[in-house]
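Since the model is a prediction, treat every value here as computed from it, not as a measurement. Numbering of ligands and ligand atoms starts at 1, following listing order. Numbering of residues begins at 1 and proceeds along the displayed sequence. The figures here come from the full heavy-atom set of this structure, side chains too, leaving out hydrogens, waters and symmetry mates.
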Amino acid sequence: MKHRDIVDEMTLEEKAAFLSGANEWQSREIKRLHIPAIACSDGPHGIRRQAGAGDHLGLNESLPATCFPTAATVANSWDEELGNEIGEALGEEAASQEVDVLLGPGLNMKRSPLCGRNFEYFSEDPYLGGKMAAAYIRGIQSRGIYACPKHFAVNSQELRRMAMNSVLDERTLREIYLTGFEIAVKEGKAKAIMSSYNEVNGTYANENRHLLQDILRKDWGFDGIVITDWGASNDHVKGVEAGSNLEMPVPGFDSAREILKAVEKKQLTMEELDLCVDELLDAVLDLTSKREERKKKKISQSFSESEHHRLAKKAAIKSAVLLKNEEHILPLKKKTKVALIGDFAMEPRYQGAGSSVVNATFVETMDKIIVNYDLQVVGISRGYRRDGKEDSSLEKVTLELAKNADVVLYCFGLDELSESEGLDRTHMRIPQNQVALLEALARVNENIVGIISAGSAIEMPWQRSCKAILHGYLYGQAGASAMMELLMGNENPSGRLSESYPFKYEDTPAYRYFPATERNSEYREAQYIGYRYYDSSKVRVQYPFGFGLSYTEFSYSDLKISKNGVKVIIQNTGKYDGEEVVQLYVGLPDAVVFRPEKELKGFKKVFIKAGERKEIEIPFDDKTFRYWNVKTDRWEIESGNYQIMIGASVSDIRLSGNLAVEGTTEQYPYDPEKMPHYYTGIVQNIEEQEFEELLGYPVPSGKWTGELGLNDAICQMYYAKSGLARFIYCRLTAMKQKSEAAGKPDLNILFIYNMPFRALAKMTGGMVSMQMAEGMVTVVNGHFWKGMKRIIGGFFRNRKANKEYMKLLSK
Ligand code: BGC
């Protein structure tokens, strides 16, 4: 213990209260001992510091801050240096707004393109995601702020996110869903981590000793604090036992009283409690001294808005992916007659909805920016309606405009409702009215340059209508000028996709398993996520992982493989200076232990002037050959002749060679005859028996039967016994549908809809106790009077107990 002296001075009540939040964003201060509060704030791509009313859904306004491109966007840059720079800027802005812990970056794996928060996450590949996250974390923490990578772990679905159970085998957990976090912790040295809402194999992430103790603290040597996601604490005592330090946001004193009871009953030992308090105390004191130091050194209390805006622009430039460029229509020639079309040109989609929403300092728009470039703009039109409705008169004017232009710049993509915290998409299409307009435009003008805004993979059956496609993702506040620089050729596109673009949703590996319909989300596709699936099972995709065009070309030669890594010569053979992303993939043909055909094990982004060549070195590391062996319960290496591949994307391997590697064990975990599909990678239809073979135990039942419990979501009230509960469910559903029809997600409704009853006690600042929440469940289950008695009795008991606790703390 680092602060024995202070911990010993704390009363039991102070210790218990210290471990949960005082309000929406702050930890509790203990005045008597001069222990201050620390302040948390979202988020991953900009600071969302709320000065007024706090909420965790991005509803109320926050202080102005730079809105950088979202994680899904910056991941396409494959540029760790850039991630580091963004992290530094985030750290500076956090410091200037007196934020101590920044709730990001988000690095859940993109198991399905439909997850509503994919725009906040880096990649479908844990290595790329982990490296980018580590870079952000290093940058943020270099400014004396703690980064808090989230959501730990296996939180790849928004539907009923607080009440679902991710069921997966240990190997998939380690190799796919945890490796990114491992890199974030070991290489980024994250000082905080956020436990996710869901259960992992039947235990809430926040109470999961396997995750929080065995893996996070013991295996990875994490020495920071675990903070719950907002409302992710189920049983605070179990959380503390597992080593979760701070329950957020505001459970009042109910959670603290649970701790007191548990200590009294010897369910929780004083050592366990003290350890948890000591870790949090260490963070609080460290962050406070960092704050003091900043004050003493007079490190600026403000940040340069213009400098950070420039960085946001640079990030958007380096992250945009040129997907198509027929007849070298791009870069645009000077003085080209262009028509700028699309609602997104006036009201850009530059970030997603939810807790990550940033109140940007300044948002550029294409319609205003375009005049700064040497083009002849023949006109600008919204083209389509944002609400998805057809508008024939608008279409008519737009087509007339397109006829008069040499090139149409068409800005389109996913609408607001598609990308939000709290909901998953139901398909991968963009709104039909945008597609209809594109096709109509293509009939009157064959030179269409599509500029897409979308934070996640989409289907592109319409891509033939575009001669060029520049994918800006969710490009942040300076995205408009970033797109213009690229279109004009002042900058050369260098982004490469950090996720695969399948032809259609039905092609995706988790298509039959996502999202969980009842309680369990079964990860039957195992490690065949994203390109690991398409590549292994030979499913063709629209655009593969790692893909992106440039205005120049690169040749690859002279691959040298040694036991420490690879060296390769890259030459820029075109006319433009540019950056290439050199990707290292490793595979083991005829492996005894099944594995994807190839996996990303290293990468380097490199700038090369036209005509020049450079030698690139990519070292191997501890992850290059390892796999998790469920028999020996540790990382092992299979011996064999590994294929070492260097590519410009997963489907464009330019050079390859072999390396014989010695193995670490002959104890192999699987019986290939019992798991044929895992050996072929054709995993879309795994039967229960084969999944159980992989899991090593029977698939737990996820069926909803019997009465509703504290952990069931409010939206499950549709089969409640109480007529009143069913009525409330119908009202909520109607409100949700209304907001969907209006084209804007209502985050409040979505949150309530997916929230379990227990969260009522965890997020209401002490108004509702767990006993009252239990009473509500009793009412829902049809025992009206019994439930009301508990609610009313609980209300008075809770009020009295809160007052007493408050008195004890203020002594
Ligand atoms: C989100 C977190 C976020 C927190 C605080 C939760 O709803 O899942 O990512 O950091 O709210 O806003």
- Compute both the distance and the angle, then confirm whether R111 meets the cation-pi test with F514: under 6.0 Å from the six-membered ring centre, within 45 degrees of the axis. no
- Check each heavy atom of M248 against ligand 1 and say whether those closer than 4.0 Å belong to the side chain, the backbone, both or neither. neither
- Applying ring pair (Phe, Tyr, Trp, His ring centres under 6.0 Å) between F122 and each of Y136, Y473, F181, W78, report the one that passes. Y136
- Message: Between D219 and R174, does any NZ, NE, NH1 or NH2 come within less than 4.0 Å of an OD or OE carboxylate oxygen?
- Response: yes
- Item | Side chain, backbone, both or neither: E24 near ligand 1, heavy atoms under 4.0 Å | neither
- Heavy-atom contacts with R48 under 4.0 Å: which atoms of ligand 1 show up? List them by number with element. 12 (O)
- Ranking L747, N108, N155, D229 by closest non-hydrogen atom to atom 4 (C) of ligand 1, top hit is D229
- Can R48 and E93 be said to form a salt bridge (charged side-chain N to carboxylate O under 4.0 Å, His left out), step by step? CA-CA 10 Å; R48 189 171 71 92; E93 295 197 20; over 6 Å; no
- Item | M194 neighbourhood, listing ligand 1 atoms whose heavy-atom distance to it stays under 4.0 Å | 10 (O)
- Task: Just let me know how Y197 lines up against ligand 1, side chain, backbone, both or neither, with a heavy-atom cut-off below 4.0 Å.
- Result: side chain
- Query: Is there a donor-acceptor contact under 3.5 Å linking the side chains of S20 and E247?
  - Reply: no
- Query: So is E120 close enough to ligand 1, meaning a heavy atom under 4.0 angstrom away?
  - Reply: no
- Distance-only side-chain donor-acceptor flag, N234 / E207, under 3.5 Å: yes
- Task: Examine the proximity of ligand 1 to M162 and report which part, side chain or backbone, both or neither, has a heavy atom under 4.0 Å away.
- Result: neither
- Task: Could you tell me whether K736 sits above the aromatic face of Y753, with NZ or CZ closer than 6.0 angstrom to the six-membered ring centre and within 45 degrees of the axis?
- Result: yes
- Does an N or O from W230, backbone or side chain, lie closer than 3.5 Å to an N or O of ligand 1? no
- Task: Would you check whether W25 has a nitrogen or oxygen atom less than 3.5 angstrom from a nitrogen or oxygen atom of ligand 1?
- Result: no
